Amino acid sequence: FFRMNPQPLLTAHDLAIGYATGKRGRKSIAEALNLDLWAGQLVCLLGPNGAGKSTLMRTLAGLQPGLSGQVIVDGKSLSDLKPVDLALKLSLVLTERIETGNLTVKELVALGRTPYTGWLGTLTNLDKEKISWAMEVTDTFRYLNRRMNELSDGERQKVMLARALAQDTNLILLD
């Protein structure tokens, strides 16, 4: 018997997204956004370039503040969640090319386990299993010891997806 969580994983109430433009100025991209994301759902957001899809993703993930409204993640206001608590609840894969320094693929995927490892970053057997599983399902084992800067954009995206899967959250936002 599968019982659904009685509350959505993520809710937005009257959310306005956009950018601050200097002192008290703002450029609104979209307003009055309301949504509920439930466990087991696959939701696709379609729109033309420049419509605000990435801005919405960054706002829902807490990387960018909303102009107004509220985002609730697993029953708690996004603004009340500490970064580590948020990282236990949702993971995010952006389309932007993120500079990863000299990290190998395995090291980058292992970063998905950071919310569970504490400040020392010591991986348990469970952490290692999650990393291996994530690399297996994304077919990224073949890049295991390659440096991230040696990968194509498509290969990098697969590795970033593996990192998000290794993070083992109930909600994954894919831009």
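This one's a predicted model, so the numbers in the text were calculated from it and none came from an experiment. Counting from 1, the numbers follow the sequence of the chain as shown.
- Under a hydrophobic clustering in which Ile, Leu, Val, Met, Phe, Trp and Tyr are joined whenever their side-chain heavy atoms come within less than 4.5 Å, directly or via other members, Ile72 and Ile172 fall into different clusters.
- Both Met135 and Trp133 belong to a common hydrophobic cluster when Ile, Leu, Val, Met, Phe, Trp and Tyr are linked at side-chain heavy-atom distances under 4.5 angstrom.
- The shortest distance between side-chain heavy atoms of Thr11 and Val71 does not fall below 4.5 Å.
- By the neighbour-count criterion of 12 heavy atoms within 6.0 Å, atom CG of Asn170 is sparsely surrounded, having that number or fewer from other residues, nucleotides or ligands.
- Of the inter-residue distances, the one linking Lys82 atom NZ with Leu88 atom CG reads 12.0 Å to the nearest 0.5 angstrom.
- A distance of 8.0 Å separates OG1 of Thr104 from CG of Leu108, quoted to the nearest 0.5 Å.
- Side chain of Asn34 to backbone of Asp14: a donor-acceptor contact under 3.5 angstrom is found.
- Checking Thr169 against Ser91 by side-chain atom types alone, a donor-acceptor pair falls below 3.5 Å.
- Linking Ile, Leu, Val, Met, Phe, Trp and Tyr whenever their side-chain heavy atoms come within less than 4.5 Å puts Val93 and Leu103 in one cluster.
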Item to check | side-chain contact (heavy atoms from CB on, under 4.5 Å) evaluation trace for Leu35 with Leu10 | outcome: CA-CA 8 Å; Leu35 67 99; Leu10 185 140; 3.7 Å; yes

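- For the residue pair Val105 and Met148, the shortest heavy atom distance occurs at CG2-SD, 3.9 Å.
- Side-chain contact check for Lys130 versus Arg113: some heavy-atom pair is nearer than 4.5 Å.
- Looking only at distances, a side-chain donor or acceptor of Arg146 sits under 3.5 Å from a matching main-chain atom of Glu150.
- The closest side-chain heavy-atom distance from Leu56 to Leu15 is below 4.5 Å.
- Side-chain atoms of Ser54 and Asp175 form a donor-acceptor pair, as typed in the model, at a separation below 3.5 Å.
- By the side-chain contact (heavy atoms from CB on, under 4.5 Å) test, Glu129 is found to be paired with Leu126, residues two or more places apart in sequence or in another chain being considered.
- Pro115 approaches Gln167 most closely through the heavy-atom pair CG-CG, 4.4 Å.
- Note: the hydrophobic cluster containing Leu37 also contains Leu86 (ILVMFWY, side chain heavy atoms under 4.5 Å, direct or indirect links).
- Salt-bridge annotation for Glu107 and Arg163: absent, with no side-chain N of the basic residue lying under 4.0 Å from a carboxylate O of the acidic one.
- Judged purely by atom type and a 3.5 angstrom limit, Ser152 uses its side chain to pair as donor or acceptor with the backbone of Glu155.
- Remark: Asp80 pairs with no residue by the salt bridge (Lys or Arg N to Asp or Glu O under 4.0 Å) rule, at least two apart or across chains.
- When side chains are defined from C-beta on, Leu9 does not count as touching Trp38, because their heavy atoms never get closer than 4.5 Å.
- In this structure, CD1 in Ile17 is found 10.0 Å from CE in Met57, a value given to the nearest 0.5 Å.
- Using modelled atom types and a 3.5 Å distance limit, the side chains of Tyr19 and Thr55 yield a donor-acceptor pair.
- The salt bridge (Lys or Arg N to Asp or Glu O under 4.0 Å) contacts involving residues 26-53 comprise Arg26-Glu31, where partners must be two or more places apart or lie in separate chains.
- Counting only heavy atoms from C-beta outward, the side chains of Tyr116 and Asp168 approach each other to under 4.5 Å.
- In terms of heavy-atom proximity, Ala12 sits nearest to Leu60 at CB-CD2, 4.3 Å.
- Under a hydrophobic clustering in which Ile, Leu, Val, Met, Phe, Trp and Tyr are joined whenever their side-chain heavy atoms come within less than 4.5 Å, directly or via other members, Ile29 and Leu67 fall into different clusters.
- Heavy-atom minimum distance, Ala162 versus Ala134: O-CB, 3.2 Å.
- Applying the salt bridge (Lys or Arg N to Asp or Glu O under 4.0 Å) rule to Arg156 yields no partners; only residues at least two apart in sequence or on another chain are considered.
- Interatomic distance, Thr95 OG1 to Met160 CE, rounded to the nearest 0.5 Å: 11.0 Å.
- Summarising the geometry, atom NZ belonging to Lys106 is positioned 7.5 Å from atom CD1 belonging to Ile131; distances are rounded to the nearest 0.5 Å.
- With sequence neighbours excluded, no residue forms a salt bridge (Lys or Arg N to Asp or Glu O under 4.0 Å) with Glu136.
- A heavy-atom distance below 4.5 Å is not found between the side chains of Thr138 and Val159.
- Partners of Lys89 under the salt bridge (Lys or Arg N to Asp or Glu O under 4.0 Å) rule, at least two apart in sequence or in another chain, are Asp74.
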Item to check | Worked verdict on Thr117 versus Thr122 for side-chain contact (heavy atoms from CB on, under 4.5 Å) | outcome: CA-CA 6 Å; Thr117 62; Thr122 305; 5.8 Å; no

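- Atom CG of Leu120 sits in a crowded spot, with more than 12 heavy atoms from other residues, nucleotides or ligands closer than 6.0 Å.
- Residue Arg142 holds its CZ atom at 5.0 Å from NZ of Lys158, rounded to the nearest 0.5 Å.
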